[in-house]
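Worksheet: one structure, shown below.
Reminder, nothing fancy here: chain letters follow the sequence lines and each chain counts from 1.
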Protein chains: 2
Amino acid sequence: MISLEQNTNPDPSDFPSEIEGLRMTKQRREVLAVLLAERDHPTANDVFLRSQQRMATISLATVYNCLEALVSHNLVRQVNFERESSRYCPNLADHCHFQDEESGKIHDVVFKDGVKLEDILVLPQGTDINHLEISLKGHFGQSKNHKTP
Amino acid sequence: MISLEQNTNPDPSDFPSEIEGLRMTKQRREVLAVLLAERDHPTANDVFLRSQQRMATISLATVYNCLEALVSHNLVRQVNFERESSRYCPNLADHCHFQDEESGKIHDVVFKDGVKLEDILVLPQGTDINHLEISLKGHFGQSKNHKTP
DNA sequence: ATTACGAATTAGAATAATTCTAAATTTTGA
DNA sequence: TCAAAATTTAGAATTATTCTAATTCGTAAT
Ligand SMILES: [Mn+2]
Ligand SMILES: [Mn+2]
Ligand SMILES: [Zn+2]
Ligand SMILES: [Zn+2]
């Protein structure tokens with residue numbers, strides 16, 4: 001098992017030829033590297049544009065294919081805000097997403113220590129959760145004072 | 001302020017001519033009535049088909065317009081699961097949504113008493129949340145025993 | 001090396017939910 | 001009653017994503 005949590009300028013060729021049962025092709029490496037390179041939450045098209053810089057021949061269809069492969073093998077998360085186009089996140093830690101309505105930018109938000117779903121929701125007994133998505137929208141904090149003088 | 005929380009076979013003509021600053025036209029009444037009639041989470045097209053039964057001339061564009069008007073005036077909530085088509089929910093109480101992967105059906109899920117967002121998430125100081133959407137997916141509970149003998 | 005085969009990539013077409021446009025209708029209220 | 005504004009409507013447009021079918025690639029056997 002490889003640590004994919006680093007943030008330091010990943011080189012696609014550092015990835016082994018198979019991760020979590022997924023063959024790492026040149027294109028999949030590139031897409032994964034693009035996602036690990038910046039901790040933002042790019043759309044498929046963003047990923048396509050960034051991938052093209054280093055791999056001029058990659059196609060948008062391939063980017064979609066790669067993202068779907070990476071997501072289904074849990075190497076990357078798909079993030080949705082309402083009906084906007086999907087975004088992709090390489091942060092595998094337990095977290096959710098906040099979108100600043102000013103900038104449209106998405107920020108990772110973590111749970112406080114020890115918070116578990118069953119602690120906060122009333123779920124029918126035996127319910128088995130496969131997927132959880134928490135999406136917040138609003139305005140980003142002005143550190144301390146809120147009013148404009 | 002009108003109680004829209006009842007569940008008893010609503011008659012569109014019972015609604016006043018304006019709610020929350022929104023003029024209640026014949027079509028908007030009908031769409032709202034459709035949503036209040038069943039506590040499921042229909043798509044725009046579902047709403048269209050149901051509305052057509054009582055109002056043969058209503059158009060899909062109008063259903064979209066009405067839903068958007070009702071949502072923006074907080075008479076109805078829009079519910080999204082990943083990239084599926086939007087669904088609409090007349091339950092204005094604080095709740096989130098669980099989709100049973102077997103049936104595709106969506107169920108309302110409420111929070112345990114007194115649970116507040118700030119209690120469970122680490123948010124930058126001053127962050128102001130306008131919208132919150134929690135979507136769960138998984139398998140519905142087998143009442144008591146989980147194992148099959 | 002050559003070949004064969006399955007997997008992956010690709011360009012472009014297709015899909016489908018939603019939004020837009022512009023004309024017709026309805027409602028409002030002077 | 002009449003003009004202005006709002007709403008509805010049919011159909012076209014949009015656009016993110018998926019699909020199709022052809023090509024290329026990677027691997028392993030010969
Ligand atoms: Mn899954
Ligand atoms: Mn809002
Ligand atoms: Zn994230
Ligand atoms: Zn609901």
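Straight-line distance from the CD atom of E18(A) to the C1' atom of dT27(D): 13 Å, rounded to whole Å. Rounded to whole angstrom, the span from the CG atom of L22(A) across to the C1' atom of dA7(C) amounts to 12 Å. For the pair R28(B) CZ and dA6(D) P, the interatomic distance rounds to 11 Å; values are reported in whole Å. Between the CZ atom of R23(A) and the C1' atom of dC5(C) there is a distance of 12 Å, rounded to whole Å. Atom NE2 of H73(A) is separated from atom C1' of dA7(C) by 13 Å (rounded to the nearest Å). The interatomic distance linking E30(A) (CD) with dA8(C) (P) rounds to 18 Å, in whole Å. Taking atom CZ on R29(A) and atom P on dG26(D), their separation rounds to 10 Å, with Å as the unit. Per the geometry, CE belonging to M55(A) stands 15 Å off P belonging to dA8(C), to the nearest Å.
Using a 4.0 Å heavy-atom cutoff across all strands shown, T25(A) reaches sugar-phosphate atoms only and no base atom.
Using the six-membered ring where Trp is involved, F140(A) and H107(A) have ring planes that are parallel, under 30° apart on the 30 and 60° scheme.
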Inset, instruction - Would you mind building the protein contact string for nucleotides 17-24 of chain C? One character per nucleotide, 5' to 3', B for base within reach (heavy atoms under 4.0 Å), S for sugar-phosphate only, - for untouched. - result: SBB-----

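Nearest nucleotide to the side chain of I58(A), out of dT9(D), dT10(C), dT9(C): dT10(C). The side chain of Q27(B) lies closest to dT9(D), out of dA7(C), dT9(D), dT27(C). Closest approach to the T62(A) side chain among dA6(D), dT9(C), dA11(C) is made by dT9(C) (side chain taken as heavy atoms from C-beta onward).
By the 4.5 Å heavy-atom criterion applied to side chains, L117(A) and L136(B) are counted as neighbours. By the 4.5 Å heavy-atom criterion applied to side chains, Y88(A) and H41(A) are not counted as neighbours.
Atom CE of M24(B) and atom CG of L32(B) lie 4.5 Å apart (nearest 0.5 Å). Interatomic distance, C89(B) SG to R87(B) CZ, rounded to the nearest 0.5 Å: 11.5 Å. We find the CD-OH distance between E68(B) and Y64(B) to be 12.5 Å, quoted to the nearest 0.5 Å. Note that NZ of K112(A) is 8.5 Å distant from CG of L123(B), once rounded to the nearest 0.5 Å.
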